[in-house]
Protein chains: 2
Amino acid sequence: MNRRPPTLSDVARRAGVSYATADRVVNGRAGVSEKAARNVQAAIEDLGYVRNVAAANLSQQRLYRFAIVLPAGSNGFFQRMQALFAEAASRLLADRVSLQVESVEAFDPEALTSRMTALAEAPLDGVALVASDDERTAAGIAALRAREIPVVTLVSDLPGSQRNAYVGIDNVVAGRTVGRLIRMAHGGRRGRVLPVVGALSARDHAERLSGMREVLGDDFEIAPVLEGRDRHEMVETLVGLALADDPEITAIYSAGAGNAGLVRLLEALPPDAARPYVFLHELVPHSRRALEEGRIDVIIDQRPEEEVARVVEHLTLLADRRALVRTDPIVPTIFLRENLPQAQADALEAAG
Amino acid sequence: MNRRPPTLSDVARRAGVSYATADRVVNGRAGVSEKAARNVQAAIEDLGYVRNVAAANLSQQRLYRFAIVLPAGSNGFFQRMQALFAEAASRLLADRVSLQVESVEAFDPEALTSRMTALAEAPLDGVALVASDDERTAAGIAALRAREIPVVTLVSDLPGSQRNAYVGIDNVVAGRTVGRLIRMAHGGRRGRVLPVVGALSARDHAERLSGMREVLGDDFEIAPVLEGRDRHEMVETLVGLALADDPEITAIYSAGAGNAGLVRLLEALPPDAARPYVFLHELVPHSRRALEEGRIDVIIDQRPEEEVARVVEHLTLLADRRALVRTDPIVPTIFLRENLPQAQADALEAAG
DNA sequence: CGAAATTTGATAGACGTCTATCAAGACCCG
DNA sequence: CGGGTCTTGATAGACGTCTATCAAATTTCG
């Protein structure tokens, strides 16, 4: 129960070969007879040999150099994600993983592409990026892959491209989840839903809406979709007008960003007036506060903590040319005011 | 950008001391003047030195031997947890962490205590266990601590004891979350809730109920609490009787186990008959199926995957006498049929 | 001042794996 | 059977840290 785990020398001895031969087998180097290889494999299984990663990493001086490209700007979600990556970076220093977190102008495929071109020249072992739905982005990914640099898309995918993996939620699932919650909140009654997105041309926003529609079916009316460009002033204005215009609205689903404007609008309502149910995405300071104060009802979060962890996991595995585990999408998480995570507030404060 | 991370030799050189002295500083060994220590610290910060854990682990031949004690039996939740620990164990072999997963008879504090006494004699670096609310368990924990073996309680806490940490959800929070969902599902209307627990004397079940009550306040009636002993036949019978007896019930909250019985009962209902909203705990095969088939509405899950990861994290840190990170409780997660995790089914199948 | 105590330096060996090199042995084919 | 190719063995050095030892230098204190 307490004995030393077997080393490769033990394996070699057991297999009746030299250390060199055993090493050739485990590292897939050429020049080993089939028989010897079989013996070594058998010895590995007999002894339950597992390669000591500490020793392996040490001897190889393995360094993992990853670049993470995030959209810049005031978007609370990406600020949170950036803080999480920064925190991960300092934690991962001890494991010889260096994360270089970069910002590019949001919604600017040109800027993203030129950044990617630059990264393709850098000595990197992997890149994660928030893809924009654009041919140039796909070309940038291809350029990185051509240099043998693995690429992971994050939050927003680009399915046709050569990216190795996607880390993020399935937006249709997120929309369906909101649909179900809307149904629940209406307790069997019908209602009229006001959808707000950044732009209908944004694939993720459109997918969320269509997921919601799938679940609501014909039992609910859907008001004309507002496109707020993810800008809070615009969201505030448009939603304000729509609500004034259409008193039948029983629920608002904001599938995009710019929710600070929505929250401002809700704060301006008389405190005890009936208001529509409000569902929105991403747990950030202002949405958290709104939920705590009862101005909104549900936040759908894509758990950036989990996404950050998984990006690092994927990039490390890809850099070692190993198989990915856990390629299923991130599950959108439902936050009500009752199950808000506790540490969240502190972590955000600490991040400034 | 691509240079070799600094080693302790670099630090020593920079600080103008020998490697030996630098080593004494970083490992907190005695026999270093204050001045030398300050110089070394400064050099560490200047260079951004981070101890290479691979090298450190290698040189120390550090082995982490942890024991995990779970209640035996057919309980789907603990079966899932056991599978997750087994999976973690094989993954962690490469990191020289050995998890020895043990079962003891459920609800048998005597059996748990004698197991703990045995473990106190074993060469272990940490123990995780599902505490039962019992003095003997507290004594067992004390015995382990007396042998310098860190102890983490899992799923069920024992606050008065000497355990180093608790990994699990806050059951009041879970109950409050359900309370909010019940409110939502009633869409502003009143209702009558049937609570089902294993036993009112079980602290976690009682806490869940009181959390729910907090949120429902006086707007809802609460039917007499059923105690199903976490046994599915008993739950099936009791709930069946209660529903027949009390047609006013609009929601069922099952805060304990034995939900297979509840699901059977619901399956027996005529398919298109109105049924109460049903809320229960833990995503396991039968509850998952019930949710997929629309026989229940919500599953509150305590994310055993996350708990397993955190147990390992805590035990490792404790074994190294380091400070714990992330001591906030696990956040109860809400699953609707729309946001069920995908991989779950496969993972459970694979675990057999 | 001198003896004792404390601090420092130098260094060696170990941890397990990886990489590389060189020589020797086994095998094949003409 | 001789020359070539393939396979194997032996071994050395490196990775960065930890532990230990011994001697030398410095400080403390009676």
Side-chain angles (χ1 to χ4, degrees), chain A residues 2-41 43-44 47-64 93-98 319-322, chain B residues 2-41 43-44 47-64 93-98 319-322:
Chain A
N2 196 10
R3 67 186 186 289
R4 182 182 57 83
T7 72
L8 192 51
S9 298
D10 298 329
V11 170
R13 201 171 315 123
R14 168 76 159 238
V17 301
S18 70
Y19 179 92
T21 299
D23 176 81
R24 288 182 181 109
V25 173
V26 298
N27 287 310
R29 268 187 274 277
V32 184
S33 67
E34 244 185 66
K35 195 179 111 200
R38 254 184 290 116
N39 285 342
V40 172
Q41 285 297 354
I44 287 176
L47 298 176
Y49 166 77
V50 180
R51 182 244 242 91
N52 183 329
V53 280
N57 287 345
L58 177 58
S59 81
Q60 297 188 113
Q61 278 189 291
R62 188 77 172 94
L63 260 182
Y64 299 91
L93 261 187
D95 300 321
R96 310 286 113 161
V97 174
S98 88
D320 290 339
R321 297 162 191 282
R322 298 207 287 144
Chain B
N2 196 11
R3 66 185 189 291
R4 184 181 56 84
T7 73
L8 192 51
S9 298
D10 298 329
V11 169
R13 200 170 317 122
R14 168 77 158 237
V17 301
S18 70
Y19 178 92
T21 299
D23 176 83
R24 287 181 182 109
V25 173
V26 298
N27 287 310
R29 269 188 274 277
V32 183
S33 67
E34 243 184 66
K35 195 180 113 204
R38 255 184 291 115
N39 285 342
V40 172
Q41 285 298 355
I44 286 176
L47 298 177
Y49 166 77
V50 180
R51 183 241 243 94
N52 183 330
V53 281
N57 287 343
L58 177 58
S59 80
Q60 298 187 117
Q61 279 187 288
R62 188 76 172 93
L63 258 183
Y64 299 92
L93 261 186
D95 300 322
R96 310 288 113 159
V97 173
S98 88
D320 289 338
R321 297 164 192 281
R322 297 207 287 145

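Quick caveat: nothing in here was measured; it's all calculated off a predicted structure.
Here B:Arg29 lies in heavy-atom contact (under 4.0 Å) with a base. Counting any heavy atom pair closer than 4.0 Å across all strands shown, A:Val53 reaches no nucleic acid atom. At a threshold of 4.0 angstrom between heavy atoms, the contacts of B:Ala20 include nucleobase atoms, whether or not backbone atoms are also involved. The residue A:Ala36 sits close only to the backbone: its heavy atoms come under 4.0 Å of sugar-phosphate atoms, none of a base. B:Leu8 comes within 4.0 angstrom of sugar-phosphate atoms only, judged by non-hydrogen atoms across all strands, and of no base. Within the nucleic acid shown, A:Asn27 comes within 4.0 Å of sugar-phosphate atoms alone, with no base atom in reach, counting heavy atoms only.
Proximity of A:Gln61 to the phosphate of D:dA14: no side-chain N or O atom is located under 4.0 Å from OP1 or OP2. At least one side-chain nitrogen or oxygen of A:Gln60 sits closer than 4.0 Å to the OP1 or OP2 atom of C:dT19. Phosphate contact (OP1/OP2 of C:dG9, side-chain N/O of B:Thr21, threshold under 4.0 Å): present. Checking the phosphate oxygens (OP1, OP2) of D:dT8, a side-chain nitrogen or oxygen of A:Ser33 falls inside 4.0 Å.
Here the side chain of A:Ser18 is nearest to one of D:dG9, D:dC18, C:dC15, namely D:dG9. Listed nucleotides C:dC18, C:dT8, D:dT19 differ in distance to A:Val26; the shortest reach to its side chain belongs to C:dC18. Here the nucleotide nearest the side chain of A:Val32, chosen from D:dC18, C:dG9, D:dT8, is D:dT8. Closest contact between the side chain of A:Tyr19 and the listed nucleotides C:dT19, C:dG9, D:dG16 involves C:dT19.
Residues A:Pro5 and B:Leu63 form a side-chain contact, since some pair of their non-hydrogen atoms from C-beta on lies under 4.5 Å apart. In this structure, the side chains of A:Arg14 and A:Leu47 come closer than 4.5 Å at one or more pairs of heavy atoms. In this structure, the side chains of B:Val32 and B:Val40 stay at 4.5 Å or more apart for every pair of heavy atoms.
For the helix from C:dC1-D:dG30 to C:dG30-D:dC1, the terminal axes (five pairs an end, C1' atoms, rotation from four pairs onto the next four) enclose an angle of 20°, given to 10 degrees.
Evaluation of atom-type donor-acceptor distances gives no pair under 3.5 Å for the side chain of B:Arg4 against the base of D:dG16. Counting distance only, with no hydrogens placed and no angle test, the side-chain atoms of B:Arg24 and the base atoms of C:dG9 include a donor-acceptor pair under 3.5 Å.
Checked options A:Val11, A:Asp10, A:Val17; the residue passing with A:Arg13 is A:Asp10 (criterion: side chain to side chain contact (heavy atoms under 4.5 Å, CB included)).
D:dT8 atom C1' lies 16 Å from atom CZ of A:Arg38, rounded to whole Å. Distance, A:Asn52 CG to C:dG16 P: 7 Å, rounded to whole Å.
Taking the side chain to side chain contact (heavy atoms under 4.5 Å, CB included) definition, one finds that B:Ser59 meets it with nothing, sequence neighbours left out.
Of the two residues contacting DNA chain C, namely B:Arg96 and B:Glu34, the nearest-nucleotide position lying further toward the 5' end is that of B:Glu34.
Taking every heavy atom of both residues into account, B:Gln61 and A:Arg4 meet most closely at NE2-CD, 3.8 Å. Residues B:Ala36 and B:Thr21 share a closest heavy-atom pair of CB-CG2, 4.3 Å. A:Val50 approaches B:Ala94 most closely through the heavy-atom pair CG1-CA, 3.6 Å.
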